[in-house]
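Worksheet for the structure shown next.
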Amino acid sequence: MRHSAAHVMAAAVCRLFGKVCLDIGPATDDGFYYDFDLEHRLTPEDFPAIEAEMARIIAADLPFERLEVSRAQAEEMLRDQPYKLARLADIPADENITFYRCGDFRDLCRGPHVERSSQIKAFKLLTVAGSYYRGLETNPMLQRVYGAAAADAAALQTILQRLEEAKQRDHRKLGRELDLFSAQELVGPGLIHWHPRGARIRVVIEDFWRQAHLRGGYELLYTPHIGRANLWETSGHLDFYRESMYAAMEIDNAAYYLKPMNCPFHIQVYKSAKRSYRELPLRWAELGTVYRYEKAGVLHGLLRVRGFTQDDAHIFCTPGQMAAEIKRTLDFAMRILRAFGFTDISAYLATRPAKAVGAPENWAQATAALEQALRELQVDYQRDEGGGAFYGPKVDLKIQDAIGRAWQLSTVQFDFNLPERFDMSYIAEDGKAHRPYMIHRALLGSLERFFGILTEHYKGAFPLWLAPEQVRVLPLTDQQLDYARQVADALLAAGARVTVDGSAGKIGAKIRNAQVDKIPYMLVAGPREAAAGQVSVRSRAAGDEGACPLAAFREKLARESAAPEY
RNA sequence: GCCAGCUUAGCUCAGUUGGUAGAGCAGCUGAUUUGUAAUCAGCAGGUCGCCGGUUCGACCCCGGCAGCUGGCUCCA
């Protein structure tokens, strides 16, 4: 039905805009799109006319007819459709060539379709965008119109509501409304400023992350932001990653580059001493800020930026330790993700691509270790055959957020390349130098991206342990301002993130503002509470919870705001 | 980077078929001192993204640039 809706849209566009070169128009999860090439530049202002034309075709209840034709007939039918002719040429000789006809519109198409146009019950055009022919950057750009289509009006409403819900959760909107972060034109695109409220959350995330890593057997590193050209030549980045790197800075006749990755620095720390098998595995983690030149058109809020902090780590181990380290790392990653409220986790295992470095038997061993760990940890996973980086196989973990969207966060990657390039070694029991195994991993991915996803997951209503402002004390009148400050001081001393609303408004207004700011707890302090040393607790989610002694609330807060177990 | 669209006050948006702009919220000041989602009044705030062109005159028309948005491509 959705695919048929694409045909009907193409038919409508052809009727309205004269000569249209058609490419393809498949169904999508929620609807359909069609790629065309036409003189007229389509805009959303064209949608009502196209939709009206589509509605006419649907109302006419036209049949979809399947036509089986010879290749010669097909070529004749498509003589003024260059993209279609190219698609036709791709159809294998032993396959039937079919067209589907609906009214005066017919399209080279494998089908199937609905029987009659009236079976398209509900649709709506959504956006128009550019799209390279066959997805190749060097090809001409076609115009793509996306639409939603559903079995009935209610189902279409559900789709549109889901899109609206995603819009309401957009971290860029919430980031502005809740004053969490910004990017500044004067500074440059893709460079993030964490405002006080966003930074408070980041501090909690980082503190939690550091504690977890120290308890999890990692050491923490800090490494420089720039390094000499030699370093990046040795690592190979200047050969294969240069277009993603910021240009060199010349200092004392040497070229320095801003780091796009942390690995070479960690390797230098490794190489600062002769390593023994007795000290392996080494697990070194760093919140490492990197800069990458991302094309302007791909930047997106916090999710795709040019400067970001990876929660990076490198594990150096012996081949014999590798399987255990993999399992340990994946288990650790999942426990951390669950702590942040992401419980629905799945995995992708990417295996050896055609062009790869490293011995095939090492690849096989590493891939098997990854797969075994996934099985032992009972994670659902899919294999992405040949999808690994050239330097090693990897596992990516994906989570589902509160409205079911999937995001890739963690990645665990083998590296058979850098240990070689940097000639890393350790002395084994046999007294000889051996090459260590190297594993890259990031759990949150980058703090920017993770924070964006977290914001959308919670719709800005961060749980108590993450909330930038956990408690706001609301004096009923100015008479209670001193008492409110005492309450706040007492909570502050206990480690809470707390403020006082000293504005002149009525209590209703103060509550409204606190709700809009998504503060987990509001404490109303009127004359009754001040006299009794109490606070009236209102929770963001549950509303008025009644009065209790300040000390009791302080204990409740301490209990509830502890970082989660993991 | 590519295609298209957008850019007016801190935010969300009106507006002028070319005669240099307005609202709500936020801010500030004053009044109000209030019991669980918006008290009232006043004030202030804008080289209408930037640069250039056309014009007697440009926020409006044209060109260039920047940023953003939706996609595409990319994502070691």
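The chains referred to below are lettered A, B, ... by the order of the sequence lines, with proteins before strands, and numbering in each begins at 1.
- For R172(A) and rU69(B), the shortest distance from a side-chain N or O to OP1 or OP2 is below 4.0 Å.
- Residue whose closest nucleotide on RNA chain B sits further toward the 5' end, between R41(A) and G301(A): R41(A).
- Screening R497(A), K518(A), R197(A) for a side chain to side chain donor-acceptor pair (under 3.5 Å) with E469(A), the sole residue that qualifies is R197(A).
- In this structure, Y133(A) and Y83(A) have tilted ring planes: the angle between them lies in the 30° to 60° band.
- No close placement of the F123(A) and F32(A) rings is indicated, their centers lying 6.0 Å or farther apart.
- On the C1' atoms, rU34(B) is 9 Å away from rU39(B), given to the nearest whole Å.
- Counting only heavy atoms from C-beta on, D478(A) has its side chain closest to rU33(B) among rU33(B), rG5(B), rG70(B).
- Two rings, from Y437(A) and F416(A), have their centers less than 6.0 Å apart.
- For the P atoms, the distance linking rG5(B) with rG19(B) amounts to 25 Å, nearest Å.
- The side chain of P189(A) lies closest to rC68(B), out of rA37(B), rC68(B), rU32(B).
- With a cut-off of 3.5 Å on both Watson-Crick or G-U wobble distances, the partner of rG67(B) is given as rC6(B).
- If E137(A) and M141(A) are placed on RNA chain B by their nearest nucleotide, the residue sitting closer to the 5' end is M141(A).
- Counting to the nearest Å, the P atom of rC72(B) and the CG atom of L126(A) are 14 Å from each other.
- Note: CG (D384(A)) to P (rC75(B)) measures 13 Å, nearest angstrom.
- Applying the side chain to side chain contact (heavy atoms under 4.5 Å, CB included) test between R144(A) and each of L42(A), V128(A), D35(A) identifies D35(A) as the sole match.
- Pair assignment for rU39(B): rA31(B), on the basis of Watson-Crick or G-U wobble contacts that are both within less than 3.5 Å.
- Distance CD (E177(A)) to C1' (rC25(B)): 12 Å, rounded to an integer number of Å.
- Taking only side-chain nitrogens and oxygens, Y132(A) never comes nearer than 4.0 Å to OP1 or OP2 of rA4(B).
- For an aromatic pair to be called close, the ring centres must be under 6.0 Å apart, and F36(A) with Y34(A) satisfies this.
- Backbone-only contact: A509(A) has heavy atoms under 4.0 Å from sugar-phosphate atoms and none from a base.
- Atom CG of D35(A) is separated from atom C1' of rA4(B) by 14 Å (rounded to the nearest Å).
- Checked by atom type, the side-chain pair Y391(A)/Q413(A) shows a donor-acceptor distance below 3.5 Å.
- P527(A) comes within 4.0 angstrom of a base, heavy atoms only.
- Taking atom P on both rC60(B) and rU47(B), the two are 16 Å apart, rounded to the nearest angstrom.
- For W232(A) and Y241(A), the gap between ring centers reaches or exceeds 6.0 Å.
- Of the candidate nucleotides rG67(B), rG35(B), rG71(B), rG35(B) has the atom lying nearest to any side-chain atom of I507(A).
- Residue contacts for A514(A): at a heavy-atom cut-off of 4.0 Å it reaches no nucleic acid atom on any strand shown.
- Nucleic acid contact for S536(A): base, since at least one base atom lies under 4.0 Å from a heavy atom of the residue.
- When the P atom is compared between rU54(B) and rU69(B), the two are found 35 Å apart, to the nearest whole Å.
- Counting any heavy atom pair closer than 4.0 Å across all strands shown, E529(A) reaches a base atom.
- Across all strands, Y146(A) comes closer than 4.0 Å only to sugar-phosphate atoms, never to a base (heavy-atom distances).
- Nearest nucleotide to the side chain of L476(A), out of rU34(B), rG35(B), rG67(B): rG35(B).
- Using a 4.0 Å cut-off, some side-chain N or O of R176(A) falls inside it from OP1 or OP2 of rU12(B).
- Looking at the side chain of K506(A), the nearest of the listed nucleotides rU34(B), rC3(B), rU73(B) is rU34(B).
- Counting any heavy atom pair closer than 4.0 Å across all strands shown, G135(A) reaches sugar-phosphate atoms only and no base atom.
- Between L191(A) atom CG and rC68(B) atom C1' there is a gap of 15 Å when expressed in whole angstrom units.
- For R292(A) against rC74(B), no side-chain N or O and base N or O form a donor-acceptor pair under 3.5 Å.
- When distances run from any side-chain atom of V524(A) to the nucleotides rU34(B), rU36(B), rC75(B), the shortest one goes to rU36(B).
- In this entry the distance linking NE2 of H300(A) with P of rG67(B) reads 17 Å, nearest Å.
- A distance of about 30 Å separates the C1' atoms of rG64(B) and rG10(B), rounded to the whole Å.
- Rounded to whole Å, the separation between the P atoms of rA4(B) and rG63(B) comes to 12 Å.
- Within the shown strands, nothing qualifies as a pairing partner of rA14(B) under the Watson-Crick or G-U definition with both distances less than 3.5 Å.
- The side chain of I511(A) has rA37(B) as its nearest neighbour among rU73(B), rG71(B), rA37(B).
- Considering only side-chain atoms of E185(A), the nucleotide from rA66(B), rU39(B), rA37(B) that sits closest is rA66(B).
- Residue-level contact check: G508(A) touches the backbone only, with heavy atoms under 4.0 Å from sugar-phosphate atoms and none from bases.
- Base pairing annotation: rG46(B) forms no Watson-Crick or G-U wobble pair, as no partner gives both donor-acceptor distances under 3.5 Å.
- Counting to the nearest Å, the P atom of rA37(B) and the CG atom of D544(A) are 9 Å from each other.
- Among the atoms of the strands shown, base atoms are found under 4.0 Å from some heavy atom of R538(A).
- Here R528(A) lies in heavy-atom contact (under 4.0 Å) with a base.
- Separating the CG atom of L474(A) from the P atom of rA38(B) is a distance of 13 Å, rounded to the nearest angstrom.
- Neither OP1 nor OP2 of rU36(B) sits under 4.0 Å from any side-chain N or O of R540(A).
- In this structure, rC61(B) and rG53(B) make a Watson-Crick or G-U wobble pair, each of the two defining distances being under 3.5 angstrom.
- The side-chain heavy atoms of D517(A) and R472(A), taken from C-beta on, include a pair separated by under 4.5 Å.
- Atom name P, nucleotides rG22(B) and rC6(B): the rounded distance is 25 Å, in whole Å.
- With both ends at atom C1', the span from rG35(B) to rU8(B) equals 42 Å, rounded to whole Å.
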